[in-house]
*Asks:* 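One structure, as C-alpha cells, below. Some questions next.
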Amino acid sequence: MATPLLAQPAAGSDLLPVPVSERNGVLEVLTMRRDPFDFSTKRRDQYGEVFAMNALGVRMVMAYGAEAAGEILMNRDRAFANAPAWSYFIGPFFNRGIMLLDFDEHRHHRHIMQQAFAPNVLKGYFAEMQPVIADRVAAFDTGQVKLLEVFKELTLDIALEIFLGMELSKAEADRLNKAFIETVRAGVALVRKPVPGGRWWKGLRSRKILEDFFYAHIDAKRATQTPDLFSVLCHAESDDGHRFTDEDVVNHMIFVLMAAHDTSTITMTQMAYRMAEHPKWQAKARAQSQALGPMLEYDELSELTVLDNIMKESLRMCPPVPAQPRMAIKDTQVMGYYVPEGTMVAIPQMANHRDPRYFTDPDVFDPERFLPERAEDKGHRMAWMPFGGGVHKCIGLYFAGMEIKTIMHNLLRDYEWFVPAGYRFPMDYSSLPVPKDGLPVTLVRRR
Ligand code: HEM
C-alpha cells in the first residue's frame, strides 16, 4: 500500500509531499516514550528524515537532523511561530511567558529581559548563590539517597533565594513550591480539562496562587533595587525607555522559574549518574574541584574543564528539553518538503544528539569529544543544541552553567557517590526525561 501524504504542494512546485505514518497516535507516543532512540531509528529507516505522525492529538511533522533544525530555528521567512505550538502544551499555565511570544513582541521583551542576564548581573547572582549552595550541600543526608529529589529541592530553594530575593517563612516557601510543582506538572496532564482534583485543575489553581503572590510583592520590588531577578525585571529598561508592566513581570517570573528548574535538575541528575557509572570521571572532576576552595570566584568556573565537558556530554546524551515544537503560520518548506500552514513541526534534538554524522560512537559517554582537538559539537552549528537555537535560544544558559557547576563542585568536594555494579538508569521519557527511580545512590561524606 502506498504511504499516505500530508498535503500535495501546488502543481509545478519542486517541493516533496511529507510522508505520513498513520499509526495510532496514542500507541505511537507510548512507543516513542518507551525508547525514543529506537523509535526514531525505525521511523527514519521507514520514511526518511522528514515525516508526519499522529501524536498527543495533533498531526506533527518530525524533522530530524541538524540541517532541518537550522532551517526551522533560523526561520528566515518567518514561517514558524512558538506561541501556537508551545501554547498547545503549556499555554494555560505559562501564558505570555517569553518563550510563548513571537516576532516583534518577542524581540521587544527579550531585549528588556536580556538585562537580567547581562554579565555583571550574572556575577551578582553567582556571588549570592555561593554561600547558599556551599551550606546546603554540606548539610545533605548521607547513606541511601535519591539524588533527583535532593537536586530538585535544592534548585527550588536556590530559585526562591536568588530569583525572589525574599525571606519567606518555611510555610510560605512550601506553599509556593507546591504551587510551582503543580503548575509544571499540569502541562503534561493526560486529561487536559479542569476536572476537579485532576492535574489540569490543580495547575490552574496553582497558577493563580503564584500570580497572587507576585502581584502582592511587586510594589515593594519596584520601590527598591536588589540583586534578585524579580527586582531586576521590575527595573529593567530598554534603550528606548520601555519597562515591563506588572503583568509582564508576573508572567515572566512564573515562566523563568519553570524554565530554570527541571532543566537544571535533570542535567545534574544525568551528570551524577554518569560520574557514578564512570568513577574515573568522578575522580578527574574531583581533582579539579579540590584544587579550588568551596566558594568559587567567578573566574574560577573556567578552571573546571572536566566538569564542563561532563556537563556538555550529559546534555548531549539526554537534553532536558528533548524536542522543540513550532507551528507553520504560512505555507513553507523544510529540507525540500512542503509544510502547509497550520502544521505542527518538531525538532527532536534528543535523537539528533546521537547522530553518527557528528558524534563518534554516539551512544557512548565520552566527555573528551568536547576537547578542542575533537570538538564534535562544532561539526554543525545545530549538532549539539541542548539550549535550542535562533531567537528563542535559552536566555539562562550561562546562569544554568554557573548553578550546575557550583552545586556539582561542592558535591564533588564534600562527597563520593556510588551506584551498584550493573545499575542502569530506568528512564521515564513521558514528559521531560527523568529516572523513574529518582537515581538512588550511596552518598558518603569525604571528611
Ligand atoms: C541545563 C539547563 C537548561 C536547558 C537545557 C535549557 C533549555 C532551553 C531550551 C531548549 C530553550 C529553547 C526552547 C525553544 O526554543 O522552543 C530554552 C529557552 C529558555 N530558557 Fe532555558 N534551559 C536551561 C536552563 C535555564 C535557566 C537556568 C533559565 C533561567 C534562569 C532558563 C530560561 C529560559 C528562557 C527564559 C527561555 C525562553 C527564551 C526565549 O523564548 O526567548 N533556562 N531553554
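Atoms within a ligand are numbered from 1 in the order they appear, just like the ligands themselves.
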*Asks:* Is any side-chain heavy atom of Pro294 closer than 4.5 Å to a side-chain heavy atom of Val137?
*Replies:*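 No, every pair of side-chain atoms sits at 4.5 Å or beyond.
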*Asks:* Under 6.0 Å from the six-membered ring centre of Phe93 and within 45° of its axis: does the NZ or CZ of Arg207 meet both?
*Replies:* no
*Asks:* Kindly say whether Glu247 contributes a backbone atom to a donor-acceptor pair with the side chain of Asn251 at under 3.5 angstrom?
*Replies:*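 Yes: the side chain of Asn251 pairs with the backbone of Glu247.
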*Asks:* Give the residue, atom name and distance (to 0.1 Å) of the protein heavy atom nearest atom 40 (O) of ligand 1.
*Replies:*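 Residue, atom and distance for the closest contact: His392 ND1, 2.6 Å.
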*Asks:* Within a strict 4.5 Å, meaning less than it, do heavy atoms of the Phe80 and Val334 side chains meet?
*Replies:*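 Yes, at least one pair of side-chain atoms sits under 4.5 Å.
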*Asks:* Can a donor-acceptor pair be found between the side chains of Thr265 and Thr155 at a distance below 3.5 Å?
*Replies:* yes
*Asks:* Should you measure from each heavy atom of His106, which atoms of ligand 1 turn up under 4.0 Å away?
*Replies:*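 Once the distances to His106 are compared, the set is 39 (C), 40 (O), 41 (O).
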*Asks:* May I ask you to check whether Lys393 has an N/O atom sitting below 3.5 Å from an N/O atom of ligand 1?
*Replies:*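 No - when backbone and side-chain N and O of Lys393 are compared with those of ligand 1, no distance drops under 3.5 Å.
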*Asks:* Is it the side chain (CB and beyond), the backbone, both or neither of Val321 that lies under 4.0 Å from ligand 1, heavy atoms counted?
*Replies:*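 For Val321, only side-chain atoms sit under 4.0 Å from ligand 1.
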*Asks:* To which protein heavy atom is atom 36 (C) of ligand 1 closest, and what is the distance rounded to 0.1 Å?
*Replies:* Phe255 CE2, 3.9 Å
*Asks:* Under a heavy-atom criterion of less than 4.0 Å, does Met385 contact ligand 1?
*Replies:*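 Judged by the 4.0 Å heavy-atom criterion, Met385 does not count as contacting ligand 1.
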*Asks:* Relative to ligand 1, is Glu403 under 4.0 angstrom through side chain, backbone, both or neither, heavy atoms considered?
*Replies:* neither
*Asks:* Is Glu237 reaching over with its side chain to a backbone N or O of Ile112, donor-acceptor style, under 3.5 angstrom?
*Replies:* no
*Asks:* Just by modelled atom types, is the Val345 backbone N or O under 3.5 Å from a matching donor or acceptor in the Arg326 side chain?
*Replies:*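 No; judged by distance alone, with no hydrogens or angles, the pair does not exist.
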*Asks:* Pick whichever of Ile404, Leu315, Thr263, Ile347 has a heavy atom sitting closest to atom 24 (C) of ligand 1.
*Replies:*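 Among Ile404, Leu315, Thr263, Ile347, the closest heavy atom to atom 24 (C) of ligand 1 comes from Thr263.
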*Asks:* Taking atom 22 (N) of ligand 1 as the point of reference, which of Pro320, Gly396, Cys394, Ala323 owns the nearest heavy atom?
*Replies:*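 That would be Cys394.
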*Asks:* Record the part of Pro386 in heavy-atom contact with ligand 1 below 4.0 Å; permitted values are side chain, backbone, both and neither.
*Replies:*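 Backbone only; the side chain of Pro386 stays clear of ligand 1.
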*Asks:* For Tyr423 and Tyr273, take the angle between the two ring planes, folded into 0 to 90°, and tell me which bin it lands in: parallel under 30, tilted 30 to 60, perpendicular over 60.
*Replies:* perpendicular
*Asks:* Check Phe387 against ligand 1 and report side chain, backbone, both or neither, counting heavy atoms closer than 4.0 Å.
*Replies:* both
*Asks:* Is there a polar contact, in the sense of an N or O pair closer than 3.5 Å, between Arg110 and ligand 1?
*Replies:* yes
*Asks:* Check each atom of ligand 1 against the heavy atoms of Arg326 and keep those under 4.0 Å away; list them by number with element.
*Replies:* 14 (C), 15 (O), 16 (O)
*Asks:* List every atom of ligand 1 that sits less than 4.0 Å from any heavy atom of Ile395, numbering the atoms from 1 in the order shown and giving each element.
*Replies:* 34 (C), 35 (C)
*Asks:* Would you mind finding which of Ala259, Ala85, Ala260 brings a heavy atom closest to atom 32 (C) of ligand 1?
*Replies:*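 That would be Ala259.
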*Asks:* Using only heavy-atom distances, determine whether the side chains of His106 and His392 contain a donor-acceptor pair under 3.5 Å.
*Replies:* yes
*Asks:* Near Thr267, which atoms of ligand 1 are under 4.0 Å from a heavy atom of that residue?
*Replies:*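 Selected atoms, number and element: 1 (C).
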*Asks:* Looking at Phe359, I'd like to know if the NZ or CZ of Arg316 sits under 6.0 Å from its six-membered ring centre while staying within 45 degrees of the ring's axis.
*Replies:* yes
*Asks:* Test your reading of the structure: does Gln324 have an N or O sitting under 3.5 Å from an N or O of ligand 1?
*Replies:*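 Between Gln324 and ligand 1 (N or O atoms, distance only) the closest approach is under 3.5 Å.
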*Asks:* Please could you name the atoms of ligand 1 that Met99 approaches to less than 4.0 Å, counting only its heavy atoms?
*Replies:*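 Close to Met99: 13 (C), 37 (C), 40 (O).
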*Asks:* Just let me know how Phe163 lines up against ligand 1, side chain, backbone, both or neither, with a heavy-atom cut-off below 4.0 Å.
*Replies:* side chain
*Asks:* Ignoring hydrogens and angles, state whether a donor on the side chain of Asp248 or Thr245 is under 3.5 Å from an acceptor on the partner side chain.
*Replies:*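 Looking only at side-chain atoms, Thr245 and Asp248 do form a donor-acceptor pair, the distance falling under 3.5 Å.
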*Asks:* Taking the inter-plane angle between the rings of Trp86 and Phe89 on a 0 to 90° scale, is it parallel (under 30°), tilted (30 to 60°) or perpendicular (over 60°)?
*Replies:*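 Plane angle over 60°, so perpendicular.
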